Amino acid sequence: MYGTYIHVRTMYIASNDRRGLRVYARPMSTPTIAPTGGPTLAQERVLRTAIPGPRSQELLDRKAAAIAAGVGHTVPIAAVAAGGGVVVDADGNSLIDLGSGIAVTTVGNADPKVVAAVQQQVAQFTHTCFMIAPYEGYVEVCEALNRLTPGDHEKKSALFNSGAEAVENAIKVARKYTGRRAVVAFDHAYHGRTNLTMGLTAKAMPYKSGFGPFASEIYRVPASYPYRDGLSGAEAAERAIGIMEKQIGGDQLAAVIIEPIQGEGGFIVPADGFLPRIAQWCTDNGVVFIADEVQSGFARTGAMFASELLGVVPDVVTTAKGIAGGLPLAAITGRAEIMDASHAGGLGGTYGGNPVACAAAIAALDAFENDGLIERAQQIGDRISAAFSKAQLSDPRIGEIRGRGAMMAVEFVDPATGAPDAALTAAVAKAAIAEGVIVLTCGTYGNVVRFLPPLSIADHLLDEGLGVVLAALAAA
Ligand code: PLZ
């Protein structure tokens, strides 16, 4: 199980020299054996200590002392390796991964193809800045995105570093193309933490509270949340369109942005027909329809993109997370005429489309296209649905099981009133983590447990992880 990789942790100790400048010495090296990551890690749940164990706690103490309090963490461990379906911590605990670092390591953590591509590229060159000296990897990623994203119209792409940056740039190109300013986002939306994307994001705590003022010309309209609003897709669309027409004006709107399956907001799948109706209204009014597929993209939902499942062809798609197997990369892909509307030099950034991240993306995209991952996501979704559907028969606290493929969630409610039960949700997640299963929560009301396992997870681990969550629910 444990590889030969030697991790040398070096403590740098700082002092002041005679001129008062800081100097750094490295007086001690603490060699610790860390397991090699990737799918060769033993695929089992192992608890050697309570979580956190002593070594993890040591790191968490250093975190508390060194890192801004605003940067939280969900799982109290010091991760040292990951792969297949597990994350291993510094105390030798092996946790089942049902979160993929928020839908990022979809191809698997430290996937061998990604690792090999990164190693080769990092030894070749690490950076030129694509805006200074272009290179093939960036072009190749964009060619692949133009081919893989929904629709067979002519497309172009551009690369960035994070989902939020992709969203910002999608809004930029939509405004430039339309010459208009207003943007519509939806209830329950999550689009990022930068200033513009905080404005697009719905939930105040923890994302926005105290961080304003936010950008102007952002309007929010109701989404489709069938479990809670009881509306058909057509009814929910008319409600949203009515507000757009009466309160904003179709001719004022540059873009409508929506996650086809809303992620942080609660894995909300809109009612049938909702998205196609909104997209058609956008077309009729010259509004750019942007699908934010940062969380739902790349085989995650059992399709290459969730837009396909929901019957829409977006004008612009934003992607990130799963695109590069864990390296930071993001993209916008859209109709060529929209993407080309910006003047030369209007889009870019120092690191956008970094060559190492692009090499990783080429390997990951190849896996999404050729390694049966779409089918694997469907199988995973079926297993999750089956496990919770069975439990739901005897547990009315399970209000709804929803999602697609390996993007599934369970909404917990008070059976008497149907009110969201955030306390139960938090208790279940906490208990599962203590038992060595990484699960995440989400939802506007904080009452949704979500499942985003890496598609490299083995069935026995998935089933065991779900069993632990169900046991935590039974005990809660
Ligand atoms: N759009 C749909 O899901 C990121 C955020 C976690 P970045 N979601 C996870 C957190 O608490 O910060 C996300 C998303 C959708 C945009 C983003 C933003 O992507 O890469 O985090 O900027």
Side-chain angles (χ1 to χ4, degrees), residues 67-75 99-106 149 159-172 183 185-209 211 218 223 255-270 275 289-298 300-301 305-307 310 314 316-333 349 351-354 357 360-361 364 403-404 406-407 409 429 438-444 446 448 450-452:
I67 294 174
V71 182
H73 63 264
T74 303
V75 185
S100 300
I102 324 186
V104 171
T105 54
T106 308
T149 49
L159 302 182
F160 305 95
N161 302 292
S162 68
E165 207 188 344
V167 169
E168 294 252 358
N169 280 279
I171 303 294
K172 277 170 72 171
V183 177
F186 287 78
D187 284 341
H188 315 293
Y190 185 92
H191 298 292
R193 292 177 183 268
T194 58
N195 186 269
L196 176 63
T197 61
M198 268 194 294
L200 295 168
T201 292
K203 199 173 175 178
M205 274 304 278
Y207 306 122
K208 303 167 73 166
S209 213
F211 297 140
I218 294 171
V256 166
I257 183 164
I258 190 164
E259 303 151 79
I261 296 176
Q262 292 185 303
E264 304 301 308
F267 281 26
I268 306 163
V269 184
L275 286 181
F289 179 81
I290 303 169
D292 182 349
E293 295 246 20
V294 164
Q295 188 153 170
S296 57
F298 302 113
R300 175 55 56 189
T301 60
F305 292 95
S307 294
L310 293 152
V316 175
V317 184
T318 57
T319 53
K321 289 190 185 281
I323 188 173
L327 276 87
L329 189 71
I332 59 175
T333 303
Y351 290 116
N354 168 272
R404 295 284 187 277
M407 183 174 182
I438 298 176
V439 284
L440 312 177
T441 61
C442 64
T444 296
V448 178
R450 56 174 151 172
F451 300 101
L452 292 163

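Just so it is clear, the structure is predicted and the values come from calculations on it, not from any experiment. When a ligand or atom number is given, it counts from 1 through the structure's own listing order.
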Without swapping roles, check the side chain of [X] against the backbone of [Y] for a donor-acceptor pair under 3.5 Å.
X	Y	value
Gln262	Asp187	yes
Lys321	Ile102	yes
Glu293	Pro260	no
Thr318	Ala166	no

What do you reckon, does [X] have a nitrogen or oxygen under 3.5 Å from a nitrogen or oxygen of ligand 1?
X	value
Gly163	yes
Gln295	yes
Tyr207	no
Val294	no

What part of [X] sits under 4.0 Å from ligand 1 if we count only heavy atoms: the side chain, the backbone, both or neither?
X	result
Glu165	neither
Glu259	side chain
Glu293	neither
Ala320	neither

Exercise for the section: Mark whether atom 3 (O) of ligand 1 lies under 4.0 angstrom from at least one protein heavy atom. Expected result: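 True for atom 3 (O) of ligand 1.
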Which atoms of ligand 1 sit under 4.0 Å from any heavy atom of [X]?
X	result
Ile102	6 (C), 9 (C)
Ser162	20 (O), 22 (O)
Tyr190	1 (N), 2 (C), 4 (C), 5 (C), 8 (N), 10 (C), 12 (O), 13 (C), 14 (C), 15 (C), 17 (C), 18 (C)
Arg193	10 (C), 11 (O), 12 (O)

Tell me which protein heavy atom sits closest to [atom], plus the residue, atom name and distance to 0.1 Å.
atom	result
atom 1 (N) of ligand 1	Asp292 OD2, 2.7 Å
atom 18 (C) of ligand 1	Ala164 N, 3.6 Å
atom 9 (C) of ligand 1	Lys321 NZ, 3.0 Å
atom 16 (C) of ligand 1	His191 O, 3.4 Å

Between atom [atom1] of [X] and atom [atom2] of [Y], what is the distance when rounded to the nearest 0.5 Å?
X	Y	atom1	atom2	value
Thr333	Leu159	OG1	CG	8.0 Å
Leu196	Thr201	CG	OG1	9.5 Å
Ile257	Phe186	CD1	CZ	10.0 Å

Problem - Side-chain H-bond candidate by donor/acceptor type, Ser296 with Glu259, under 3.5 Å - result: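 The criterion, which ignores hydrogens and geometry beyond distance, is not satisfied for Glu259 and Ser296.
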Practice task
Flag yes if more than 12 heavy atoms outside Tyr207 fall under 6.0 Å of its OH atom; otherwise flag no.
Solution key: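 Enclosed.
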Problem - Residues Glu264, Arg450: salt bridge by 4.0 Å N-O rule - result: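 Yes.
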Practice task
Assess whether ring pair (Phe, Tyr, Trp, His ring centres under 6.0 Å) is satisfied between Phe298 and Phe305, documenting all intermediate values.
Solution key: CA-CA 6 Å; Phe298 302 113; Phe305 292 95; 5.1 Å; yes
